[in-house]
Structures are given as structure tokens and as C-alpha cells.
Amino acid sequence: MKEQLRLAIRAALDQCYSEESLNSGVSPDEIQLEIPKNPDHGDFSTNLAMTLAKPERKAPRKIAEVLVAALQGTPLCDKIEIAGPGFINFRLTAACWYEVLGQISTQGANYGRSQVGEGTKVQVEFVSANPTGPLHIGHGRGAVVGDAVASVLQAAGFDVQREYYVNDAGNQVQTLGRSILLRLRELQGEVIEFPEDGYQAPYVVDLATKLQTEHGDLKEMIENEAIELCSRFGVKEVLEWIEEDLKTFGITFDNWYSEKSLYDRDMVDQELAKLEEKGLSFKEDDALWLRTTEFGDDKDRVLIKSDGSYTYFASDVAYHMEKFDRGFNRVIDVWGADHHGYIPRMKAMLTGLGHPPEDLEVLLIQMVNLLRDGKPFIMGKRSGNFVTLKEVIEEVGRDACRFYFLMRRCDSQLDFDLELAKQQSSDNPVYYVQYAHARVCSINNNAAKSGVALPKLEDIDFSHLELAEELALVKQLARFPETVVSAALSYEPHRVIFYLQELAAQFHSYYNRYRVLVDDHATTQARLYLVNSVRTVLENALQLLGLSAPEQM
RNA sequence: GCGCCAGUAGCUCAGUUGGAUAGAGCAACGGACUUCUAAUCCGUAGGCCGAGGGUUCGAAUCCUUCCUGGCGCGCCA
């Protein structure tokens, strides 16, 4: 709808130039068309005349007059007006709007999908929590946002892969192994002194218990081998927990990428060699450094320490280089905001390799402050005092939890109060939206009971949808596809949440004021058709965000 | 000290990427169920968009200097 109008405006502009009623010849790449806040200003509005004022050296309103004259006779519009400092306001014909209902019906579950991504290969890497303990609430936020960003990109026509990077090679994994081994000895009656920096949480004891039944007491093994076995066992077990928790949260990955496999395949050395070849790294004080300062970082960074071991950064560099080797045009990383200091060095690395820095987009997820009755929980894996994601989902519910995380922009902090989330669950916005969907289903049931079948497009007489509220609903439905596109291009899935709330509000209001099933058959059919279009869009949007669309509540 | 993010109604947050009179939910107050589900709707009230300066036809939005809160600044992961 918007695009058709845009084409008409461009044609009019060209016409003005060929008639020499305008002379600058300036043709903007994209004609800005916005939906005015004030409905009196029409369905769409453009500032074109104002942007042309300078090159044309004429008053904006004069230019607008010329453009409007050229636009007369377009079948799309009822009314074209010049307003304010030089806006041109368009009101589209009702017939034009009702075409949207036809589109929704023919496209069904695909309504809202588009091809603006043109199949560009995008990878979204998210969660990627260390496999040393269960996911907590902060991971949950990153998980939901990453998943929703991936979904929204898919809907906009990008070719998306979801990946989880498993840090199964570092010191943390060693620490987990040592912790398990100590707990194992403790189980066998030894008195041990558990170190400060070990994992103190009770789940480590669970892991030790399970290991004992599967592998025995490990008394025959030498210490290093025992730790290695404990590490591998722990990582495997914890990853299963993580995968399971994410699954109950509705999240699955296309690929689990092991850091250890990078070393096993010698990838780290190979990628580092490429950097050396390009003169991007250098040796100093027995260590190997990456020259990131040349590309905007404030310090050069160590890849290989003077003792010969690799830094975490080394495998990260290799990992990201390999992402592009795998053919992704764009790579999106979802990180906790506490890692923001790593962005400059990662971008520097890519720039050095000749990639534009925009090829890597890092979404920073701000912290979640978990509260209960207004009191903060102290988080921290080692202290053992944390609430797992699993517990939160069980307590608050999957849909409410996802909705809550998606409601705010990811770069603002979030207070998550468990008691509040539960207490407010009856007027939690997620139920508000889902209720709208359930209500349409209920109308359908009642229609069926009184023998009214769901009408087909060709049976509808749209002249029976003459109420202002009905037209407004159709306009809101028409906005869904562009909402998805803007959410995708800006990596902001919360836009879809706000869209859903607006659509549900409009529907509830309409529902309260008018009846769908009335005596007049033609009106009933038209309204039934309209509310089912609403239902389709609600369902598509909910599904896009991994939320359920219940038929009754 | 340097850097990143945030600061909008009493609270939690939106604000179409620079547009017209700054919006919603919760909380407060007043109304609406013999009619398709009241998990709903209608109405009232609530603002120095953290502060100052700048950019232009036009700023909550852009540039700058401060203030407040959070998070980073290792040959840790």
C-alpha cells in the first residue's frame, strides 16, 4: 500500500521535471512516507516538498502545490492536502485499504513475511554461556532476544543460522573438573578443603554423584587424567541441561560450535598464521600480539601469552574469522553488556582483514536485576546463590517470561521481580494480547453454533465495513509487514510486541462497542471476515516471537 | 582518569531513525456485564523529555559541556 503510493509520488515528481514546473532534478533515494500521529493528517504524509525547498530555492508550500497538481487523478487517494510548513497529506480510498484483507487471506501464515533480506546469509550467535553451570535469568534475556532477532530476520527474507558457541576449552572447564573431582572425593568420605575459586554450587555435587555411578571412584587414575575426565563429563552434562532448558523456553539452535574443536582441527594456528602473513600481529616480550590499535582499539591485544598458552581472545578471533569463511555475509553476536569492552578489538580484527566493521553487529543485552518482593538476589555462579532460568520459567510461565524480556529495548536495564510478574499475571500484557486472539476464536465458535460458516473473500461486501473503527483496524493490519521489516533491519524485536499491544487494544475496543454476529447476514459476514483477519495477524505475530496463540483462556 | 549504555507522567517503559498538539500500561479517581469470554471497555487527572549551550524551516531524537545511575578498562574467562 505504502509502496504503491511511493511509486505514484515518484512518477509525479518526474512529471514535474519533464514539464519543467520543477527544475532542480533532485530525486531522493527514498521518498519518506510516514504515518502521521494525528489521523486528521491523513493516512500517509511526506516531507518531500520541504526537502526540495533548498535545491529548488522555493517555498515548501509552493513546491507542494506543484506536486499535488501532478498527483491529481491517482486512483489510490480520496484526498491530497498541503498542511503545516509543507507536508503533503494523503488519504487513501477505503477500497484501497480493503485490498489488505484479501492479501491476508491469500497469504495466511505468510502474511508479514517479505523478501527484503534477499537471502543474505546471516548468523546469529547467542546465549553461548560457559558450559559450567545452569543458565540463569540474564542468559534468558539474551536467549529470547537472540531468538526473536533471528526469527524476525528470517521473516524479512534473510537466510539465518542460529549458533551457540560452546566454550569448552578454557580454564573455567578445568575449574569445573577440579570441583567435581573434589566433591567426588568428599562423597567417598575424604575430608577436603574446597578452594575459593571452585564452583561451590550444589549442582556440582549432583554431577559428582552421577559421575560416581557411571565411572566409579577414579581412584586408579592419576590426578590430571581424572580432572580431564571430570571436565568432559561435567561439560557434557551441563550442556544437556542447557539444551533442555532452552528447549522448554522454545529455543533451538541450528549449530552448537565447540571451541575445543577449533584447537582439535588446528584452526586457531591456521587463522593466526593468516594474521601474521598480513602483518597484523607481532612478537614482543615472548608473546604474540594483535595490532588492534591501528584500527581504533586503545591497546594492542595478546593472542599467545609468553608461557605459550592461548588467550581466550585468540580462539575468539579464529572463531569469528571462520564465520566469514563459512560464507556468512553478516554476523550478529548477542553479548551481555559487561562484555562491551571487547567490541573495539573484534571490529579492529575484522577491519584489519578487510571486512567492513558493519559486517559484525554486536547486540548488547543489558543486565537483568532479579528481584523478589523488591529485594535483589545476589547472582554469581561460584557463590551458589542464584536462581536458574528453569526455575523462573516454571514460576512465571514461558509466554509471560518471553514477553517480559521482549517488551523493552535490549540496551536498557531490566528489573525482573518474580513476585510482581506472578502477581500481575492476570493483567500481564501477554494475556491481554492472547485474550484478543481467544476472543475471535470464541466468536467463530458462536458463529458455527448458529450455522454461520467462515465467509470467503468473494462473498464479502466491504461496503458493510463502514465504521471508522473498522477502517482503523484494517490500517493497523496493513502495518504488520513493515513493522516486521523495521524490527529486522534495526534488530529490535520489541517493535513487534508494541505492534501486538496496539492491535489487541484496537480489537478489544471494537469488540466492546460493536457486535460481530448481528441480524444482518451481510454485515455479519463482513465483520466475521475482518476479525478473522485480525486473528491471523495476531497469530502470525505471536508465533514470530515464540509465543502461543491460545484458542480459549 | 578513559570508554560503553541509560536518564521521558508517582512507577515501568514506547516514541515510526529529524516532523505537525510528546504516547501507552500499572498505580489514583469516576463509570459500563439479562447481548459474541469483564484476563475487557469508556472517561478524568498526571510532563522544564536530567541541566546548559549549539546545529535548522523544525530537536525527546544530531553535536558539545556538565550531573546522576549501571557496566567495563588483565599475558582472567
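A quick note: this is a predicted structure, and the numbers were derived from the prediction, not measured. Letters A, B, ... are given to chains in the order of the sequence lines, protein chains preceding strands, and every chain is numbered from 1.
Listed by chain and residue number, T292(A), D297(A), R301(A), F313(A), Y342(A) satisfy the side chain to side chain contact (heavy atoms under 4.5 Å, CB included) test with R345(A) (two or more places apart in sequence, or in another chain). Under the rule for a ring-ring contact (aromatic ring centres under 6.0 Å, His included), Y312(A) has no partner lying at least two apart in sequence or in another chain. With sequence neighbours left out, the side chain to side chain contact (heavy atoms under 4.5 Å, CB included) criterion links I304(A) to L272(A), L288(A), Y310(A). Applying the ring-ring contact (aromatic ring centres under 6.0 Å, His included) test to Y491(A) and every residue at least two apart in sequence or in another chain returns nothing. Every residue two or more places apart in sequence or in another chain was checked for a ring-ring contact (aromatic ring centres under 6.0 Å, His included) with F87(A), and none qualifies. In this structure, the side chain to side chain contact (heavy atoms under 4.5 Å, CB included) partners of V484(A), at least two apart in sequence or on a different chain, are A155(A), F480(A), L544(A). Partners of H464(A) under the ring-ring contact (aromatic ring centres under 6.0 Å, His included) rule, at least two apart in sequence or in another chain, do not exist in this structure.
By the rule that a glycosidic angle within 90° of 0 means syn, C33(B) counts as syn. U17(B): glycosidic angle within 90° of 0, hence syn.
By the 5.5 Å and 30° criteria, H494(A) is not stacked with the base of A14(B). For F498(A) and A24(B), the ring-to-base geometry does not satisfy the stacking test (centroid distance below 5.5 Å, interplanar angle below 30°).
Residue-level contact check: D411(A) touches the backbone only, with heavy atoms under 4.0 Å from sugar-phosphate atoms and none from bases. Among the heavy atoms of the strands lying under 4.0 Å from S490(A) is at least one base atom, whether or not backbone atoms are also near. Here D285(A) lies in heavy-atom contact (under 4.0 Å) with a base.
The base of A20(B) sits within donor-acceptor range of the side chain of N89(A), with an N or O pair under 3.5 Å. At a cut-off of 3.5 angstrom, counting only N and O atoms as typed in the model, there is a donor on one side and an acceptor on the other between the side-chain of S306(A) and the base of C75(B). Contact annotation: side chain of R495(A) to base of U17(B), donor-acceptor pair present below 3.5 Å.
Sparse packing is recorded around NZ of K283(A), with 12 or fewer heavy atoms of other residues, nucleotides or ligands lying under 6.0 Å away.
For the pair R439(A) and Y511(A), the cation-pi test (distance below 6.0 Å, angle within 45°) is passed.
Among the nucleotides A20(B), C41(B), C36(B), the one closest to the side chain of S509(A) is C41(B). Among the nucleotides G15(B), C41(B), C75(B), the one closest to the side chain of T311(A) is C75(B). Distance from the side chain of N171(A) is smallest for C76(B) among the nucleotides G74(B), C76(B), C36(B).
Comparing the same atom, P, in U8(B) and in G3(B) gives a spacing of 24 Å after rounding to whole Å. One C1' atom belongs to G15(B), the other to A59(B), and the distance between them is 13 Å to the nearest Å. A distance of about 13 Å separates the P atoms of U16(B) and G7(B), rounded to the whole Å. Spacing between U44(B) and U55(B) at atom P, rounded to whole Å, works out to 40 Å.
Between the CZ atom of F403(A) and the C1' atom of U12(B) there is a distance of 14 Å, rounded to whole Å. Here C41(B) presents its P atom at 12 Å from CD of Q506(A), a figure rounded to the nearest Å. Taking atom CG on L489(A) and atom C1' on U16(B), their separation rounds to 13 Å, with Å as the unit. Across the protein-nucleic acid pair, F507(A) atom CZ and A38(B) atom C1' stand 14 Å apart, rounded to whole Å.
A salt bridge links E539(A) with R535(A): at least one charged nitrogen is closer than 4.0 Å to a carboxylate oxygen. Looking at R527(A) and E470(A), a side-chain N of the basic residue comes within less than 4.0 Å of a carboxylate O on the acidic one, giving a salt bridge. With respect to E482(A) and K2(A), a salt bridge is recorded, a charged nitrogen being found less than 4.0 Å from a carboxylate O.
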Listing time: all N or O pairs from protein to nucleotides 69-71 of chain B that are below 3.5 Å?
| residue | atom | partner | partner atom | Å |
| --- | --- | --- | --- | --- |
| G70(B) | O2' | Q413(A) | NE2 | 2.9 |

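You'll find the side chain of Q366(A) reaches within 4.5 Å of the side chain of R141(A), heavy atoms only.
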ask   = Which dot-bracket notation, 5' to 3', represents the base pairing of RNA chain B when pairs are defined as Watson-Crick or G-U with both distances under 3.5 Å, crossing pairs as [ ], and inter-strand pairs as |?
value = (((((((..((((.....[...)))).(((((.......))))).....(((((..]....))))))))))))....
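In this structure a side-chain-to-backbone donor-acceptor pair under 3.5 Å is present from D307(A) to S309(A).
Residues Y164(A) and Y257(A) place their aromatic rings such that the two centres sit no closer than 6.0 Å.
A sub-4.0 Å separation between OP1 or OP2 of G15(B) and a side-chain N or O of R409(A) is present. For the OP1/OP2 pair of U35(B) and a distance below 4.0 Å, the side-chain nitrogens and oxygens of R515(A) include no atom meeting the criterion.
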remark   = Given protein heavy atoms under 4.0 Å, the one-letter contact record of nucleotides 59-64 of chain B, with B base, S sugar-phosphate only and - none, is simply ------
note = Its contact letters, B for base, S for sugar-phosphate only and - for none at protein heavy atoms under 4.0 Å, make nucleotides 28-33 of chain B read ------
Considering only distance and modelled atom types, tabulate donor-acceptor pairs under 3.5 Å from the side chains of residues 447-454 of chain A, sequence neighbours left out.
| residue | atom | partner | partner atom | Å |
| --- | --- | --- | --- | --- |
| S450(A) | OG | N446(A) | O | 3.1 |
| S450(A) | OG | A447(A) | O | 3.2 |

